[in-house]
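Residue numbering restarts at 1 for every chain, and letters A, B, ... go by the order of the sequence lines.
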Amino acid sequence: MDKTYQPQDIERTWYEKWEKSSYFAPSGQGEAYSIMIPPPNVTGSLHMGHAFQDTIMDCLIRHQRMLGKNTLWQAGTDHAGIATQMLVERKLAAEEGKTRHDLGREAFIDKIWEWKEESGGTITRQLRRMGASIDWTRERFTMDEGFYKAVQEVFIRLYDDKLIYRGKRLVNWDCKLHTAISDLEVENKDQSGHLWHFRYPLADGMKTAEGKDYIVVATTRPETMLGDTAVAVNPTDTRYSSLQGQFVELPLVGRRIPIIADDYVDAEFGSGCVKITPAHDFNDYEVGKRHQLPMINILDPNGAILTRAEVYNSDGSVNGDLDDRLPESYHLLDRFEARKRIVEEFDQLGLLEKIDDHALKVPYGDRSGVVIEPLLTDQWFVAVADLAKPAIEAVEQGDIQFVPKQYENMYFSWMRDLQDWCISRQLWWGHRIPAWYDDSGNVYVARTEAEAREKYQLGHDLPLTQDNDVLDTWFSSALWTFGTLGWPEKTPELETFHPSSVLVTGFDIIFFWVARMIMFTLKFTDQVPFKKVYVHGLVRDQEGQKMSKSKGNVLDPLDLIDGIELETLVEKRTGNMMQPQLAKKIEAQTRKHFPEGIAPYGTDALRFTFLSLASTGRDIKFDMNRMEGYRNFCNKLWNATRYVLMNTENQDCGTQDEPVELSLADRWIISRLQETEAQIAKHFEEYRFDLLSNALYEFVWNEYCDWYLELSKPVLWDEHASAERLRGTRRTLVRVLEAILRLAHPMMPYITEEIWQKVGPLAGKTGDTLMLQPYPIAEPHKIDSQANSDIEWLKGVMLAIRNIRGEMNIGPGKAISVLLRNTDAEDERRLIATESLLVKLAKLDSIERLATDADAPMSATGLVGAMEILVPMAGLIDKDAELARLNKEVDKLNKEIERLAGKLSNEGFVSKAPAEVVAKEKEKLADMQAACSRLSEQKASIEAM
RNA sequence: GGGCGAAUAGCUCAGUUGGGAGAGCACCUGCCUUACAAGCAGGGGGUCGGGGGUUCGAACCCCUCUUCGCCCA
């Protein structure tokens with residue numbers, strides 16, 4: 001083996017071997033355990049969030065596989081409607097100078113498929129590098145034929161059950177992409193804008209309480225006034241009580257609109273009057289519905305002013321009564337141009353009261369980057385009220401449990417205030433809505449046109465055209481757990497692996513995905529989609545910022561695995577940017593954070609880092625220093641193995657269960673292994689990957705390496721040791737290491753597999769791969785509390801001696817003599833058991849006992865319980881150094897004694913605290929007082945010399 | 001404005017019915033000791049965001065304020 005751990009040498013070959021050997025596929029034996037990957041975007045590449053999430057899933061699935069479950073981890077990608085369409089459109093424009101309209105719908109979709117075949121697999125290749133033990137033979141894509149069948153089936157059944165309807169509703173409209181988009185795709189940005197205060201003249205000669213012939217409304221979007229259909233005030237606002245039910249004359253358009261009263265209006269804000277534009281604002285839309293106001297749409301799909309407004313009644317039906325004319329000078333004027341012009345015109349008319357600066361949130365499309373307009377359009381909706389009820393109950397009753405539990409509140413709060421879900425998108429790429437229309441606009445929903453004719457008994461000559469829209473990608477994602485297992489067919493996979501065991505996901509998509517999966521899955525399978533939802537935090541950069549391409553702080557997980565030169569990293573981060581003006585800043589930032597580029601850390605170190613960061617918090621700040629620490633941990637494990645192999649290969653390790661004699665150290669490390677196994681099992685149970693990885697780290701480094709390997713040396717290097725004793729130690733060395741490898745495998749699959757190939761056989765294990773070995777389970781009868789306390793005592797003695805060496809500057813090479821005083825029977829017993837170990841590990845010339853009252857030569861002193869450890873100072877140290885050291889100790893003890901004495905002299909504590917707590921404190925105080933007086937005596941005697 | 005979350009060592013974070021403040025990294029000192037300098041040994045460092053309350057006892061429970069983050073209006 002190399003002297004240092006070199007991850008790049010071992011990773012690739014193992015993954016290929018595992019995959020080729022079908023180790024990832026379900027075993028077909030045992031209880032089923034399944035995880036469905038949250039499908040990443042087919043256009044995407046692996047980012048830190050994926051890598052984090054996939055590490056957790058892989059850790060879970062490998063653990064369950066080793067526990068003997070019939071495990072399925074199924075992966076796939078979603079078709080990402082907008083993202084994919086845009087990507088291929090850009091490519092088409094760049095390469096052929098064409099738009100999708102030049103090609104037509106079918107040819108364009110063919111182009112997308114071509115692109116998908118060539119480039120769609122990036123992320124799955126990257127997943128392999130992460131070591132993800134996915135059953136690739138069952139990889140799914142939301143646009144697969146079989147999956148489309150499930151999507152259609154769900155749509156048709158929901159429609160037939162009246163849970164899907166089509167209607168004219170207000171949606172988030174992207175004026176550049178010409179489609180409705182979901183709330184998830186809208187990014188609200190803080191911006192400083194203005195609040196324009198307009199005077200609206202009162203009709204019919206009415207006057208306000210103050211005698212004015214107008215009222216003032218304030219708006220952040222003046223252009224929408226062309227579509228106003230009311231002015232609202234708070235019903236309790238006495239300033240306007242006489243005006244409720246009266247009318248204003250809407251300037252520029254001359255429309256007569258009512259003054260209504262509604263609680264929605266905040267009397268304290270502005271003038272207390274609000275203009276109501278139901279067709280262009282979500283709040284106004286609700287107000288309009290409450291008051292049966294007409295809705296007047298003034299914008300076209302580009303966000304320009306229409307030549308004629310579209311007027312609807314509050315139920316969405318066409319209103320032919322109201323005047324639909326718009327001022328001619330605004331026709332086809334862009335919304336922002338119109339805004340300017342309207343403000344000017346109000347000013348000229350003397351109707352502009354004032355302009356205030358105003359901070360507001362402006363919605364932007366996250367793909368297009370343009371301001372989103374609420375727009376009245378014909379869209380398909382899912383009526384979610386009936387679906388939500390069982391979905392809420394499933395969580396209330398515990399059929400689905402969130403981990404951590406607090407996220408259930410987040411889920412409930414959203415589910416109890418649910419809006420109907422707009423599922424149609426005006427795109428070409430996606431699942432086309434299975435609905436047909438005749439010339440008079442009647443809707444027929446069926447799988448095919450032929451089926452529609454049959455189902456609705458339509459004549460062959462009735463012309464039908466299919467709906468042009470496609471479904472929201474989340475609509476298909478909501479079927480992911482059962483749609484990918486073959487539903488609506490009753491497949492064996494569906495029978496075995498549904499419901500899935502756990503969903504691993506970020507809290508940011510609880511609403512958009514998790515909740516919808518629960519609703520749809522319950523509706524169509526009468527099963528929950530998953531029994532648990534493990535919700536993890538979001539990965540952020542070292543400054544706590546969200547990682548995003550425009551901020552230039554993204555890290556590619558593969559660069560952390562393979563390493564990357566600084567210049568390449570800078571180029572990667574600043575090349576091909578949406579906002580090139582940020583490049584300089586990003587370059588500087590990158591050079592500051594990664595002055596040397598990034599070293600190759602390997603997959604296992606990256607995975608271990610993710611796991612150790614997976615606590616219950618919402619933010620995960622990724623810290624390169626921690627990853628370096630865990631790379632070092634891999635190296636530690638590597639080198640511990642080298643030591644074990646050097647001392648066991650081609651030697652008698654008791655593989656055939658020959659008789660052995662186990663030393664105290666052997667019994668101790670076996671005992672601690674059981675405790676560690678129990679701890680790890682508990683942490684797995686509770687999804688505490690941070691505590692889990694920490695428990696492993698602690699055991700491997702601080703116990704196995706720091707103590708057990710050292711304690712094994714005196715045995716293995718002892719020429720007089722018996723065969724049983726040598727065998728016992730060798731067997732323990734390899735067996736414990738082999739157990740460590742199995743314990744660690746779900747976290748660090750590569751290094752453990754590589755090492756296990758050598759260590760496994762020495763521990764008597766057979767099998768081609770560590771992956772399929774049984775996971776270690778604690779055996780409580782092997783917990784040896786006496787061995788534990790004896791070794792703790794030994795550590796105490798070692799620590800006392802090392803402390804004296806360290807502080808007295810006695811080099812590690814220099815052997816010293818030790819005197820022991822005030823030993824009790826237990827100390828004596830332990831001394832006999834460990835003397836040879838102490839002599840070798842602490843590098844001692846001799847250990848001698850002194851009678852309890854005997855005088856000692858001038859010595860440095862340490863305490864283990866009541867036992868004094870004296871290191872004679874002759875020729876070694878100066879008096880002052882030892883006195884300083886003792887003073888420090890005595891001061892520390894005195895502080896603690898003062899605190900405890902105070903506590904125990906408190907009447908309240910002694911009478912009210914539990915008796916065992918009081919007894920413990922008393923004992924502690926007595927021990928410390930004893931220790932303090934011993935050290936003080938020692939101080940006095942040194943001073944006297 | 002409403003809701004949620006966070007604030008513990010220089011940094012990143014643990015801290016499980018309330019009972020002696022921890023880890024890793026960084027720092028200081030000494031060591032190339034035959035597994036490992038990506039290491040070993042020893043050491044220093046915290047008013048647990050501020051204030052108030054409950055309690056014999058609070059990092060932990062309650063109230064309040066401050067700062068930061070996210071979601072919603």
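The footprint of chain A on RNA chain B, defined by a heavy-atom cutoff below 4.0 Å, extends from C4(B) to A73(B).
Taking atom C1' on both A26(B) and C13(B), the two are 14 Å apart, rounded to the nearest angstrom. Spacing of P atoms, U16(B) relative to C11(B), comes out at 23 Å, to the nearest Å.
Residue-level contact check: E710(A) touches the bases, meaning some heavy atom is under 4.0 Å from a base atom.
The closest side-chain donor-acceptor pair between H280(A) and E373(A), if any, does not fall under 3.5 angstrom.
The cationic atom of R607(A) (NZ for Lys, CZ for Arg) does not lie both less than 6.0 Å from the six-membered ring centre of F610(A) and within 45° of the ring axis. Annotation: cation-pi pair R618(A)/F507(A) present, NZ/CZ under 6.0 Å from the ring centroid and within 45° of its normal. Taking the ring centre of Y630(A) as origin, the terminal cationic atom of K636(A) falls outside the region bounded by 6.0 Å and 45° from the ring axis.
One finds a salt bridge joining R899(A) and E896(A) here, because a Lys/Arg side-chain nitrogen approaches an Asp/Glu carboxylate oxygen to under 4.0 Å. A salt bridge is defined here as a Lys NZ or Arg NE, NH1 or NH2 lying under 4.0 Å from an Asp or Glu carboxylate O, and K275(A) with D284(A) fails to meet this definition.
In terms of position along RNA chain B, the nucleotide closest to W717(A) lies nearer the 5' end than the nucleotide closest to the other residue of the pair W717(A) and R618(A). Each of N702(A) and I620(A) lies near RNA chain B, and the nucleotide nearest I620(A) is the one positioned closer to the 5' end.
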